[in-house]
Amino acid sequence: MIGVRVTVLGTGAALATGDRVQTGLLVDMGGSTLLVDCGSGVLHRLAGIGRDPTEIDAVLLSHTHLDHVSDLPGLAKARWMIDGSTTPIIGPPGTAADVAPLFELDGQSDRIDVSCFEIGAEPRDRREIDVPGTEGIDVSVVPTVHSRPGVGYRFEDRFGFSGDTEASANLLGFFDGVDVLVHDCARPPGGEPDNHPTPEALAEALERAAPDIERLYLTHLYPDAAARADEAREVVAEATDATVHVAADTDIVVSERDQTN
Ligand SMILES: [Zn+2]
């Protein structure tokens, strides 16, 4: 079995809270290191766990909203200052055009290497993608249901990340069977799903489409959702056999030790 460790670097959203930076996850898998999303604060969280931008084989983007990309220029500059190397960035169609302006301010355009993978617009389109340095590891994507085109990522049967998305039976079916899923739960209990799920909507879709997930972590918490995170966890836990947690910054959600369990 391929060794995996996943560290959630940031669990917040576009509105700031004092203890949650914006979205970012570090995936160490089979000798490769991938950063999934790079919102504000992620560069500092990376340093806080003793990791270095030059260790990252590729940055995978779920979509290009600012809370998922705003630390990209800082990451690329830090890497260039350390050893002069470029930062490979991979994302869904449109990523190259969307992120290019971020790098103009500091003359950094030659410090990044952006490539995009194709994926259809239909929710049922799923595909494997090629990620440099991850030969032998299956990384696949599925379209999200959000206000901007995006994808969720699945790494073998070990780990999934929803990106920003409404609760979707198709998306959760794509993740069914993974050991650990980190899923958007941005809205508070009793709220209105609006490009992001409430706990109730997530619970309903989980019950329908993903009965076989071992552990679920709720993330992307806006301040009103973060204030009621325990309630949200209880709502979701009612609907699934998975162990449900509220993710916190720097949580290790998949560890090498999990492989022997
Ligand atoms: Zn977001």
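Just follow the structure's listing: the first ligand is 1, and inside any ligand the first atom is 1. In this chain, residues are counted from 1 in sequence order.
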Which of these passes ring pair (Phe, Tyr, Trp, His ring centres under 6.0 Å) with H220: H63, H68, H183, H65? H68

Under a 4.0 Å N-O cut-off, is there an ion pair linking R45 with D71? no

State whether a side-chain donor-acceptor pair under 3.5 Å links D83 with S85.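 Looking only at side-chain atoms, S85 and D83 do form a donor-acceptor pair, the distance falling under 3.5 Å.
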
Regarding T11 and R20, do their side chains bring together a donor and an acceptor under 3.5 Å, going by distance alone? yes

Nearest heavy atoms of Q22 and A13, plus distance in Å: CG-O, 3.3 Å

Compare every heavy atom of L171 with every heavy atom of S162, then report the nearest pair and how far apart it is.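 Taking S162 first and L171 second, the nearest heavy atoms are CB-CD2, 4.2 Å.
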
Protein-derived N, O or S atoms lying under 2.8 Å from the Zn ion (ligand 1), waters excluded: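 Counting protein N, O and S atoms closer than 2.8 Å to the Zn ion (ligand 1) gives 4.
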
